[in-house]
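Only heavy atoms go into these numbers, but all of them, side chains included; no hydrogens, no water, no symmetry mates.
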Amino acid sequence: MKPHVIVRLSRSVHAPRRVHWIDARTDKSNVSPLLPDIADLFDRFGVRVWSCAEYKPDGADWSAEERAAGLDRVFRLVLTHNRPVPVELIEALGALSSVEEARMGRIGAARLASEPMSRRAGRPAQSINLPTAHRMTRGEPEVTIAILDTGIDMAHPEFQGRLRDAADFVNIIDGAADFVGDIIDADPDPKDEVGHGSHVAGIAAAAGHNMDVGVAPNCQIMPVRVLATMTRDGESLGAGLIENINAGLKHAIDQGANVINMSLGVEHTGGGLPHQEMVDYARQKGVLLVAASGNDGTETLYYPGAFESVITVGATAPDGDVAGFSTFGRQVKIVAPGENIVSAQPGARYGAASGTSQAAPFVAGAAALVQSVAHRAGGRFSDREVGQILIDSADRPTPRFRDRHAGYGRLNAADAVHLAQSRIN
């Protein structure tokens, strides 16, 4: 896919139907200009584009939830030649009355802070009362946790028999020189080249063969690769276009994920808020989003974690205190173990890593346990209800109702399951 511009049309404008950007690689039958004023503007700058739909409807036509989130009004304008897009063009697009927002692609990232396994790592499962929670439920196979990340080692013994609807949405050409490995063409193979996604998935739902059992080992895992391998200062990390991450979110929601873990983030640097329409869509569909707060130890806001409806997770050290690297502030709802956590790695291996990326899947797994309680009783919690149960059952580290660093407190999986049982009855 060549360089592209994302345009969201105004609500007052009739949004035309266009071929989806993935299909446009082979089907150029419906990539004509969106609107006359947009076409005139691109002509003035001498830039030719194909107009493609950013999202596919989950059915023959857009649903009420999709329209409410504005997904039918978002388009990807793909340049027919690999050349820079003038900043002035983006500014002029945003000034049109027919356009609500215009932006270039942005990069989200996730780093696997690998380190030697340590006997000082503590016991994260015990610190969140997971053994007690597992005496009540280890999850239900009808409940699915989607892992939006660098992919998953599909052959790893920790995940066998519980993987469904795998997909790879990585498709990078603009800026491709900064990436290595598989970066072209979305496909069904979410091969993990970094190790970040496999590590995160193991914390959420590993079977427990050669590591501690995951939080929700009986739940299904949906591997969605949205981050490719970027090299920076001699280190590999996961990074990807916000638009490709959004495509992965749409896939996970439409394929029936109950909880989506996003151990990644991006700052807001201009234009609309990153992931806004997909966070709105997840809320419309009742799907809980769990995100890492970040690892810079400041109050920086990273998206999607900065959205109020997202359960944003900070990290604790083995002694239970908030880790020094954990990004804090108003966006943090809850904290969970995030220092020297042992989990799965590609090649059927295991390794230790630290970060809020490791804390988030503890909470995503606990959310899946809460939803499993409802499923076993023949019901279903909304995303708001699951999030509130996690918050209400957290262990407060101070007398304050909400702490600047720890949010509403430390994850307590057993109390969350107990509270879920009382609220479903």
Side-chain angles (χ1 to χ4, degrees), residues 1 4 6-9 15 17-25 51-78 100-101 103 105-108 144-152 164-172 185-190 197 220-228 240-266 272-291 303-305 307 309-310 364 383:
M1 186 62 68
H4 58 269
I6 299 298
V7 169
R8 182 166 62 233
L9 298 180
R17 292 296 293 265
R18 291 292 181 270
V19 65
H20 188 253
W21 63 268
I22 290 180
D23 300 329
R25 293 175 301 176
S51 300
C52 310
E54 178 67 359
Y55 302 107
K56 280 185 178 181
D58 184 27
D61 200 1
W62 298 104
S63 67
E65 295 89 350
E66 289 168 326
R67 291 184 187 278
L71 304 190
D72 60 319
R73 298 184 287 113
V74 183
F75 295 86
R76 183 178 294 209
L77 308 185
V78 183
E100 184 177 293
E101 179 195 350
R103 65 178 187 268
R106 287 168 283 190
I107 298 288
T144 298
I145 307 168
I147 306 294
L148 264 69
D149 215 291
T150 61
I152 286 181
R164 52 162 290 204
D165 297 303
D168 173 7
F169 286 92
V170 170
N171 192 57
I172 299 168
D185 291 342
D187 57 54
D189 181 13
Q220 296 285 303
I221 303 167
M222 186 184 297
V224 184
R225 183 175 183 258
V226 294
L227 302 177
L241 290 169
I242 297 300
E243 290 71 39
N244 296 159
I245 296 171
N246 285 344
L249 267 170
K250 182 72 162 56
H251 168 85
I253 295 168
D254 289 345
Q255 296 303 314
N258 302 93
V259 182
I260 300 177
N261 188 90
M262 301 178 69
S263 288
L264 50 85
V266 62
L273 296 176
H275 310 296
Q276 175 75 71
E277 64 262 21
M278 288 315 305
V279 171
D280 291 344
Y281 183 51
R283 174 126 288 195
Q284 291 283 335
K285 299 288 281 187
V287 179
L288 184 70
L289 302 183
V290 177
Y303 291 82
F307 287 107
S309 61
V310 176
D383 60 311

Side-chain contact test, heavy atoms from C-beta onward, threshold under 4.5 Å: evaluate it for Asp383 versus Val287 and give yes or no. no
Interatomic distance, Ile242 atom CD1 to Leu264 atom CG [nearest 0.5 angstrom]: 7.5 Å
For Asp254, check side chain to side chain contact (heavy atoms under 4.5 Å, CB included) against everything at least two apart and list the hits. Asp58, Glu66, Lys250, Tyr281
Residues Tyr55 and Trp62: closest non-hydrogen pair is O-CH2, 3.2 Å
Please identify each residue that fulfils salt bridge (charged side-chain N to carboxylate O under 4.0 Å, His left out) with Arg8, with sequence neighbours left out. Glu100, Glu101, Glu277
Can you check whether Arg103 reaches Pro274 side chain to side chain, under 4.5 Å on heavy atoms? no
Evaluation steps, salt bridge (Lys or Arg N to Asp or Glu O under 4.0 Å), between Arg18 and Asp23: CA-CA 10 Å; Arg18 291 292 181 270; Asp23 300 329; over 6 Å; no
With distance as the sole test, does Asn258 use its side chain to make a donor-acceptor pair with the main-chain N or O of Thr144 at under 3.5 Å? yes
Going by salt bridge (charged side-chain N to carboxylate O under 4.0 Å, His left out), name the residues that satisfy it together with Asp72, two or more places apart in sequence or in a different chain. Arg67
Can you name the closest pair of heavy atoms from Val226 and Gly248 and give their distance? CG1-CA, 3.9 Å
Who pairs with Lys285 by salt bridge (charged side-chain N to carboxylate O under 4.0 Å, His left out), at least two apart in sequence or on another chain? none
Closest heavy-atom pair, Phe169 versus Ala247, reported as atoms and distance to 0.1 Å, is CD2-CB, 3.7 Å
Does the side chain of Ile260 come within less than 4.5 Å of Val224's, by heavy atoms? no
How long is the span from the CG atom in Leu288 to the CG atom in Asn261, to the nearest 0.5 Å? 10.0 Å
What I'd like to find out is whether the side chain of Ile6 reaches to under 4.5 Å of the side chain of Val74, using heavy atoms alone. yes
Just so I know, are the side chains of Asp165 and Gln220 near enough to count as touching, which here means a heavy-atom distance under 4.5 Å? no
What residues, two or more places apart in sequence or in another chain, satisfy ring-ring contact (aromatic ring centres under 6.0 Å, His included) together with Tyr303? Phe307
Test Asn246 against every option in His275, Glu54, His251 by the side chain to side chain donor-acceptor pair (under 3.5 Å) rule and name the one that passes. His275
Hits for side chain to side chain contact (heavy atoms under 4.5 Å, CB included) against Gln284, two or more places apart or cross-chain, chain-then-number order -> Glu65, Ala68
Are the side chains of Val170 and Pro190 in contact, using a 4.5 Å heavy-atom criterion? no
Taking atom CG of Asp280 and atom OG of Ser309, what is their separation to the nearest 0.5 Å? 7.5 Å
Does a side-chain heavy-atom distance below 4.5 Å link Met262 with Val310? no
Between Phe75 and His4, does the side-chain contact (heavy atoms from CB on, under 4.5 Å) criterion hold? Intermediate values first, please. CA-CA 10 Å; Phe75 295 86; His4 58 269; over 6 Å; no
Less than 4.5 Å apart, side chain to side chain, heavy atoms only: is that true for Val279 and Leu273? no
In terms of heavy-atom contacts, Ile152 and Pro223 come closest through CD1-CB, 3.6 Å
Check whether any side-chain N or O of Arg225 sits under 3.5 Å from a backbone N or O of Gly197 as a donor-acceptor pair, and report yes or no. no
Between Pro304 and Ala291, what is the shortest heavy-atom contact and its length? CG-CB, 4.1 Å
Look at the side chain of Arg73 and the backbone N and O of Leu9, then say whether any donor-acceptor pair between them is shorter than 3.5 Å. yes
Can you tell me how far the CG atom of Leu227 sits from the CG atom of Leu241, to the nearest 0.5 Å? 10.0 Å
